[in-house]
Every structure is written in structure tokens, then in C-alpha cells.
There are 2 protein chains.
Amino acid sequence: MAEPIKRLPKLPVERALKVIAGRWKPVILYYVFCGPKRLSELKRMMPEITQKVLIQQLREMEEHGLVRREVFAEVPARVEYTATELGLGLEPVLLALCQWGQRHAEAQNEIADIADCIVRPRKASFAA
Amino acid sequence: MAEPIKRLPKLPVERALKVIAGRWKPVILYYVFCGPKRLSELKRMMPEITQKVLIQQLREMEEHGLVRREVFAEVPARVEYTATELGLGLEPVLLALCQWGQRHAEAQNEIADIADCIVRPRKASFAA
DNA sequence: CTGTATCCGTGCCGATACTG
DNA sequence: CAGTATCGGCACGGATACAG
């Protein structure tokens, strides 16, 4: 019991992939990059994800230093998830992935679909 | 039955991740980027990977248009795997992932480990 | 509102043996 | 040399119910 603290891969690329490749992580990061988000907000923004899984993914990203979890001792307990410096460093990387994904979608077959453009320039750093 | 031809995700980032995130894909790409490689070569270069899995990964990457498989009708049958244009477009992306992985390794805990530097500049485009 | 506990399908990967 | 067939483990994610 009590997580043996899963070791990350030694090779940098694999390490990076391991850390971002969760089913919902890119999307979560997309929102969190725009500013601190509460759990309930994230839930509303991604209606398809289960709460359990959402928290799971957040926990992992926290453990990997991508996001920071802050609890505010208020009346209705409030919790905010914020991107760390390390996490923000993923913006260009995710952007690159996104762009290549576009190229791939076009080259491969169907239309570009939802231009999701994961990362918007670091402006308006608080809630959308 | 008969592969429903697994749909790739609609969102570009997820699509890209899905395509690269195989257990051995980054490493395989690393070698293939340096020039066409035979199956036996790849096996020798990555002693840890199973032949079945190696072929599996190659098949998927072929299906996704990252590598091209060429059979040469020679006496001892020869097969070469080469990176496609689309595949080569991943070099900068993998490089970005690699670099961020380094930062992460340092920031997180242990030393930089094996500086794996997945992608080397497009030179010496044939066998190492 | 935020979070935990349980159960379970499925996908990915590995080991091993066999074939043209 | 290049490839297929089989079997099985295990992590991941999803559904659902419950708790502080």
C-alpha cells in the first residue's frame, strides 16, 4: 500500500510523454493555463470527464509538479488548481504537438476538425 | 471483427500524443530519423524490445503515416523502414519534448540522466 | 463543494513458440 | 531474415455510490 511513488522513465522524451499523456491532461492544462481553476469549474468545462478521473489526473499532475493545489479555508471550502512554472513551460511543447496534429489530420484524411489550439498567449491570466 | 480502423482523437494535441506515445515509438523514430533501417538492425539497436512489439509499433506508425515500409525482392528478403515527410516533421516536436523532459528531471529530482537528445540535425541521412 | 472507495472492461505490452 | 499466433499481466480510465 501507499504508492511506491511510480518512477518516471529515464529518457527525457519518454519522461515528458509519460507526464502529459493522460487521457485528459492536455485539456485540463489548456484550461489551467488560462488561470487558477476550481474543481467545479473544471467539471463544468469538461462535462464528459468523471469527477474521480478528473481528480486523479490533477493529483498526478500535482505530484509531477505541473500544477499546484491550494486550499482556501472559507465557508464553503474552496480549492484552486494553478499551473506551476514547470507546467507553463509545457505551453510551447503542447503548441508544437497541436500544430503537428493539425498537419497530420490534414495529410491523413479528414478536415482539421476543432481547431483546438491548446495554448493561447499568456494574457488574461485569470478566469475566462 | 477486422479492425474498425481505430479512430484517432479529434483534438490535434490528443491526436499527436496518441500517435507518438507508444512505449518504444520515440526511440524507434530516433533511429529511423538517421536513415532507413532494417528490422534486424532495429532489433540489435534495442535489445530490450520484443520482436513482436517492435513490429507492432512499426505497423502502427506505418498506418499513421510516420514511416514507410519497403520490401526489396532480394535473395535473403530485405525490408527497410524509412521516415516519411510527415514523420520527419516530428523531429522538432520530439526535441521540444526531450528538452522539457530534461528540465523536468532536473527540477524534479535526480540528475539529467542519459542525455538522450532524440533528434540530431538532419545530417548523415543514412545508416549510422 | 471536494473528495474517497469499489468494481470492472479494455488496451497495451511482454514472453514464448512457431512459420515462410 | 521477417513475420504471425497465443496467452496473460497490469495499468488506465470509466461508472457508480458514498463521505467530510
Side-chain angles (χ1 to χ4, degrees), chain A residues 1-9 11 14 17-28 32 36-64 67-82 127, chain B residues 1-9 11 14 17-28 32 36-64 67-82 127:
Chain A
M1 54 210 66
E3 310 313 296
I5 303 176
K6 273 183 278 188
R7 280 331 250 138
L8 285 176
L11 277 69
E14 297 185 343
L17 283 172
K18 189 86 178 184
V19 161
I20 358 176
R23 173 70 182 77
W24 296 95
K25 287 178 185 172
V27 186
I28 298 177
V32 172
K37 293 283 172 294
R38 307 187 47 166
L39 185 68
S40 45
E41 291 183 287
L42 292 171
K43 276 202 291 186
R44 246 178 293 114
M45 293 166 137
M46 305 174 286
E48 312 172 75
I49 189 176
T50 295
Q51 171 165 319
K52 177 216 165 188
V53 175
L54 174 55
I55 296 183
Q56 238 175 220
Q57 307 265 310
L58 284 168
R59 284 282 185 283
E60 292 179 14
M61 295 170 84
E62 189 192 355
E63 182 174 352
H64 293 152
V67 299
R68 183 176 34 253
R69 179 173 174 272
E70 277 169 310
V71 188
F72 298 85
E74 302 178 352
V75 182
R78 184 171 57 123
V79 177
E80 279 187 0
Y81 294 90
T82 320
Chain B
M1 52 212 69
E3 310 313 296
I5 303 176
K6 273 183 277 187
R7 285 322 256 141
L8 285 176
L11 277 69
E14 297 185 343
L17 284 172
K18 188 89 179 181
V19 160
I20 355 175
R23 172 69 181 78
W24 297 95
K25 286 178 186 173
V27 185
I28 298 178
V32 172
K37 293 282 172 293
R38 307 186 47 164
L39 185 67
S40 46
E41 291 184 286
L42 292 172
K43 275 202 290 185
R44 246 178 294 114
M45 294 165 135
M46 305 174 287
E48 312 172 74
I49 188 175
T50 295
Q51 171 165 317
K52 178 215 166 187
V53 174
L54 174 56
I55 295 182
Q56 237 176 221
Q57 307 265 311
L58 284 168
R59 285 279 185 286
E60 292 179 14
M61 296 170 83
E62 191 192 353
E63 181 175 354
H64 293 152
V67 299
R68 183 174 36 252
R69 180 174 174 271
E70 277 169 310
V71 188
F72 297 85
E74 303 178 353
V75 183
R78 184 169 57 122
V79 177
E80 278 188 359
Y81 295 90
T82 320

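It should be emphasised that the depicted structure is a prediction, and the values quoted were computed from it without experimental measurement.
- Rounding to whole angstrom units, CG of residue B:L17 and P of D:dC12 are separated by 15 Å.
- Atom-to-atom, NZ of A:K18 to C1' of D:dG13 comes out at 14 Å; the value is rounded to the nearest Å.
- Here C:dC1 presents its P atom at 14 Å from CD of A:E74, a figure rounded to the nearest Å.
- Among the protein residues, A:Y81 comes within range of the sugar-phosphate backbone only, with heavy atoms under 4.0 Å from sugar or phosphate atoms but none that close to a base.
- Looking at heavy atoms from C-beta onward, A:V27 lies in side-chain contact with B:E14 at the 4.5 angstrom threshold.
- We find that CG of B:L42 is positioned 13 Å from P of D:dC1, with the value rounded to whole Å.
- Rounded to a whole Å, the CZ atom of A:R59 is 20 Å from the P atom of D:dA11.
- With sequence neighbours left out, the side-chain contact (heavy atoms from CB on, under 4.5 Å) criterion links B:R68 to B:E70, B:T82, B:T84.
- Among the heavy atoms of the strands, none lies under 4.0 Å from B:K25.
- Applying the 4.0 Å criterion to OP1 and OP2 of D:dA2, one finds that B:R38 has a side-chain N or O inside that range.
- Atom CG of residue A:L17 and atom CG of residue A:L8 lie 11.5 Å apart, to the nearest 0.5 angstrom.
- The A:Q56 side chain lies nearest to D:dG13 when the options are C:dT2, C:dC13, D:dG13.
- A straight line from CZ of B:F72 to P of D:dA2 spans 11 Å, rounded to a whole angstrom.
- Contact annotation for B:E80: no contact, since no heavy-atom pair falls under 4.0 Å across all strands.
- For the pair A:I55 CD1 and D:dG13 C1', the computed distance is 14 Å after rounding to whole Å.
- The two atoms that bring A:R23 and A:Q57 nearest to each other are N-OE1, 3.7 Å, heavy atoms only.
- Set against D:dG13, D:dT4, C:dT2, the side chain of A:R23 has D:dG13 as its closest nucleotide.
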Inset, instruction - Quick one: do B:R69 and B:V67 satisfy side-chain contact (heavy atoms from CB on, under 4.5 Å)? Show the steps, please. - result: CA-CA 7 Å; B:R69 180 174 174 271; B:V67 299; over 6 Å; no

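- Between atom CG of residue A:L42 and atom CD1 of residue A:I28 there is a gap of 7.0 Å, rounded to the nearest 0.5 Å.
- Taking 4.0 Å as the cut-off between side-chain N and carboxylate O, A:K37 and A:E41 do not count as a salt-bridged pair.
- Rounded to an integer number of Å, the gap from CZ of B:R7 to C1' of C:dT10 is 20 Å.
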Inset, instruction - Would you give a per-nucleotide map of nucleotides 15-20 of chain C, 5' to 3', where B means the base has a protein non-hydrogen atom under 4.0 Å away, S means only the sugar-phosphate does, and - means neither? - result: BB----

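- A sub-4.0 Å separation between OP1 or OP2 of D:dC12 and a side-chain N or O of A:W24 is absent.
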